[in-house]
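Everything quoted here is computed from the prediction, not taken from an experiment.
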Amino acid sequence: MTQTLPTQENQPVDGPHVHFEDALLDKLTGEWRLSRKIGTRLEENHVKADWILNHQFLQIHMKDVKSPPSYEALVLIGYNHEQGQYVVYWLDIFGGKFSEKGFGTREGNSIRFIFQYPDGLLHNTFTWNDGEQTWRSLIEQQDEQGQWSVFAEDRLQRL
């Protein structure tokens, strides 16, 4: 009986033995102060980001600094190697009806995630500023007429 040695052709592209390694998202691990602007309102969140589930997902835990907090979210970012795109799951206090799965692509130091909500598209673009060592998250939404507007803009500074 001959043994077949694994080749690159029959190696799995996704699964428990293929870790999600991403130098850009590695820069997001740790603890952050998130300053969010929604319209004219300013909010502040504490953010903690860690690799979980065998380094398959980056978990971002956002929580309002107010007591009691008025917002909390868990965001899981993974990668589909076969399709060559990021995948993101956004779960927050608004519950299952408003939780969504999105897909993302990277361009330079930015990853743009696209979510298809029942009432329209939403883009969330995470951008790393290497000089300032900060992250920016720009959330834009499309209205019924197809016009885009800024829903929220976040700035993350390391604690």
Considering all heavy atoms, the nearest Asp64-Glu44 contact: OD1-O, 3.1 Å
Modelled atom types, side-chain donor and acceptor of Thr127 and Asn109, under 3.5 Å: no
Taking every non-hydrogen atom, the tightest pair across Phe151 and Gln141: CD1-OE1, 3.8 Å
Val65 versus His46, closest heavy-atom pair with distance: CG1-N, 3.8 Å
Over 12 non-hydrogen atoms of neighbours within 6.0 angstrom of OH in Tyr117: yes
Euclidean distance, Arg112 CZ relative to Ile114 CD1, rounded to 0.5 Å: 6.5 Å
Any donor-acceptor pair under 3.5 Å from Asn129 side chain to Gly131 backbone: yes
Spacing of Gln59 atom CD and Leu28 atom CG [to the nearest 0.5 Å]: 11.5 Å
Ile38-Phe126 co-clustered via ILVMFWY side chain contacts under 4.5 Å: no
Trp90 and Phe98 aromatic centres sub-6.0 Å: no
Carboxylate-amine/guanidinium proximity below 4.0 Å for Glu153 and Arg136: yes
Over 12 non-hydrogen atoms of neighbours within 6.0 angstrom of CD in Glu21: yes
Rounded distance [0.5 Å steps], CG in Leu34 versus NZ in Lys63: 15.0 Å
Val47 vs Glu31 side-chain heavy atoms within contact, under 4.5 Å: no
Test side chain to side chain donor-acceptor pair (under 3.5 Å) applied to Trp148 and Asp143, step by step: CA-CA 7 Å; Trp148 287 92; Asp143 65 19; over 6 Å; no
Nearest non-hydrogen partners of Trp128 and Thr134, listed with the distance: CE3-O, 3.3 Å
Verdict with supporting geometry, Asp50 and Leu58, side chain to side chain contact (heavy atoms under 4.5 Å, CB included): CA-CA 6 Å; Asp50 294 300; Leu58 182 69; 5.7 Å; no
From CA spacing to verdict: side chain to side chain donor-acceptor pair (under 3.5 Å), Tyr86, Asp22: CA-CA 11 Å; Tyr86 292 87; Asp22 191 294; 2.4 Å; yes
Working for side chain to side chain contact (heavy atoms under 4.5 Å, CB included), residues Ile139 and Val150: CA-CA 6 Å; Ile139 303 172; Val150 173; over 6 Å; no
Residues Asn124 and Ser137: side-chain donor-acceptor under 3.5 angstrom: yes
Minimal non-hydrogen separation, Phe103 against Val87, with atom names: CE2-CG2, 4.2 Å
Lys/Arg N to Asp/Glu carboxylate O, Glu43 vs Lys66, below 4.0 Å: yes
Nearest heavy-atom neighbours spanning Trp51 and Phe20: CZ3-CD2, 3.4 Å
Exercise: do Ser35 and Arg33 side chains pair donor with acceptor under 3.5 Å: yes
Presence of salt bridge, Glu132 and Arg155, under 4.0 angstrom: yes
Student check: side-chain heavy atoms of Arg106 and Leu24 closer than 4.5 Å: yes
Residues His61 and Glu72: side-chain donor-acceptor under 3.5 angstrom: yes
Residue pair Gln147 / Gln145, side-chain donor-acceptor N/O under 3.5 Å: no
Distance-only donor-acceptor check, side chains Gln56 and His19, under 3.5 Å: no
Residue pair Leu91 / Val75, side-chain heavy-atom distance below 4.5 Å: no
Test side chain to side chain contact (heavy atoms under 4.5 Å, CB included) applied to Leu25 and Ile111, step by step: CA-CA 9 Å; Leu25 287 180; Ile111 302 171; 3.9 Å; yes
Side-chain donor/acceptor of Asn80 to backbone N/O of Gln85, under 3.5 Å: no
Tyr71 six-ring centre to Arg36 NZ/CZ under 6.0 Å and within 45° of normal: yes
Approximate separation, where rounding is to 0.5 Å, of Phe115 CZ and Ser99 OG: 10.5 Å
Phe57 vs Tyr89, side chain to side chain contact (heavy atoms under 4.5 Å, CB included): CA-CA, chis, key distance, verdict: CA-CA 10 Å; Phe57 290 92; Tyr89 299 90; 3.9 Å; yes
Inter-residue atom distance Leu76.CG - Leu74.CG, 0.5 Å rounding: 6.5 Å
Interatomic spacing from CG in Leu138 to NZ in Lys37 - rounded to 0.5 Å: 11.5 Å
